[in-house]
Asks: 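I have a structure here, written as structure tokens, and I will follow up with some questions on it.
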Protein chains: 2
Amino acid sequence: MDLSKENAVLAVEVLDLLFRATRHIQQEYEMKLESLSLPFQLSGPRLRLLLVVWRAEKIRMNELASKLGVKPRTVTELVDALERDGVLHRTPDPNDRRATLLHLTEEALNQISRVRSVQMQISDEILQKFSAEQRTQLHALLSKIFEGMEFDFVY
Amino acid sequence: MDLSKENAVLAVEVLDLLFRATRHIQQEYEMKLESLSLPFQLSGPRLRLLLVVWRAEKIRMNELASKLGVKPRTVTELVDALERDGVLHRTPDPNDRRATLLHLTEEALNQISRVRSVQMQISDEILQKFSAEQRTQLHALLSKIFEGMEFDFVY
DNA sequence: TATTGTTATACTCTATAACTATA
DNA sequence: TATAGTTATAGAGTATAACAATA
């Protein structure tokens, strides 16, 4: 009997678990975000977009699409909705009149710290049983998945 | 200066990374699944449903919805599509004439081993840089997220 | 009266293809 | 000729509310 494989964890089992954990956490996030009563709707994809714009301060729709890993058409759709809700606005790029730059509105900037703080609070709750060392370990192991990848980090 | 927190990894950073890893892996999965040329369409949600039915052999739509963490109406929608594609079929539950039992078709049973083997192959590729010990570690850390949760495992 | 699943309807995310304006 | 973003259109996944059949 090959004892070395007796208790081995299959790669596919690890990734199944990864998916389940992600779904679980996403559901927690969405529940808590709803209860925040923000002056605008914030789904997962919208928040993801928002945070990329926030980190960049200003960004082309173009570049945003590639950072998010979606098509430009999808960004148009999301931006339409967010602009309607007063979360961000389009301005023409002075350097290239084909391009459009996105900025967050004051309102969004005001709310975003609430969102981030709820994110941090939920995250702490979910990982409450983890020691600092275990958090670091989990972070290191997840980073390892991206090891040796050339392309820009996708959010 | 508080050196103990100097290099600490924030919980929110760990979960951000978790999300990014999951998105990345999901994209790999979907790409490879497409190239399998199955006789039916298999998106993430459809595959998830399929695998739950497969593990259960037969299952009520009801119970399926709760295992998947979606509403019954959503299961109706998915099952309609999968039945149209000849992947599964509805039969009345003899014990409760309100209920409907789902079974996979022969065709689905024949294809599912191909799907599983591709899943395992992709998983091995993604975790190729991981030692057996690291896989076990990652599995243990992810399990810890669910620690002390009462409810049934959600897929 | 409560539960199972459906019809009717709608919203969000995503995409492809054809087009406009600019480079 | 190529790029940035849009209009037009479509499909998948998800949901709520009202309902029919059954328990």
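Just so you know, these numbers use all the heavy atoms, side chains as well, and skip hydrogens, waters and symmetry mates. Below, chain A is the first sequence line, B the second, and so on; all start at residue 1.
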Asks: Rounded to whole Å, how long is the line connecting atom CG of A/L102 with atom P of D/dT6?
Replies: 9 Å

Asks: Distance check needed: C/dA15 P versus A/L78 CG, whole Å only.
Replies: 10 Å

Asks: Hey, does the side chain of A/R73 come within less than 4.0 Å of D/dA10's phosphate (OP1/OP2), counting only N and O?
Replies: no

Asks: Starting at CG of A/D96 and ending at P of D/dA2, how long is that distance when rounded to a whole Å?
Replies: 17 Å

Asks: Considering just the side-chain nitrogens and oxygens of B/S43, establish if one lies under 4.0 Å of OP1 or OP2 belonging to D/dA12.
Replies: no

Asks: How close do A/R135 and A/F130 get, heavy atom to heavy atom, and via which atoms?
Replies: NH1-O, 3.7 Å

Asks: Just how far, in rounded Å, is C1' of C/dA15 from CG of A/L68?
Replies: 15 Å

Asks: Nearest whole Å is fine: how far is D/dG5 C1' from A/E63 CD?
Replies: 15 Å

Asks: Does the side chain of B/R98 get closer than 4.0 angstrom to OP1 or OP2 of D/dA20 through an N or O atom?
Replies: no

Asks: Starting from P on C/dT12, measure out to CD on B/E77 and report it in whole angstrom.
Replies: 17 Å

Asks: Taking only N and O in the side chain of A/T74, is any of them less than 4.0 Å away from OP1 or OP2 of C/dA15?
Replies: yes

Asks: With sugar-phosphate meaning primed atoms plus P, OP1 and OP2, does B/T100 contact a base, only sugar-phosphate, or nothing at under 4.0 Å between heavy atoms?
Replies: sugar-phosphate

Asks: What I want to find out is whether A/K58 reaches A/D93 closely enough, with some N-O distance under 4.0 Å, to be called a salt bridge.
Replies: no

Asks: Would you call B/K32-B/E125 a salt bridge at under 4.0 Å N-O?
Replies: yes

Asks: To the nearest Å, how far apart are B/M61 CE and C/dT7 P?
Replies: 10 Å

Asks: What I want to check is whether the side chains of A/H89 and A/T105 have a donor and an acceptor closer together than 3.5 Å.
Replies: no

Asks: Go through D/dT14, C/dT12, D/dT16 for me and flag the one nearest to the B/R48 side chain.
Replies: D/dT14

Asks: Indicate, yes or no, whether a donor-acceptor pair under 3.5 Å links the base of D/dT22 to the side chain of B/R97.
Replies: no

Asks: Check every strand shown and say whether B/Q41 touches a base, only sugar-phosphate, or nothing at a heavy-atom separation below 4.0 Å.
Replies: nothing

Asks: On DNA chain C, check which nucleotide each of B/T76 and A/V70 is closest to and give me the residue with the more 5' one.
Replies: B/T76

Asks: Are B/R90 and C/dT6 close enough that a side-chain N or O sits under 4.0 Å from OP1 or OP2?
Replies: yes

Asks: Would you say A/E30 and A/Q26 are linked by a side-chain donor-acceptor pair, where the criterion is simply a distance under 3.5 Å?
Replies: no

Asks: Atom CG of B/L50 to atom P of D/dG13: distance rounded to whole Å?
Replies: 12 Å

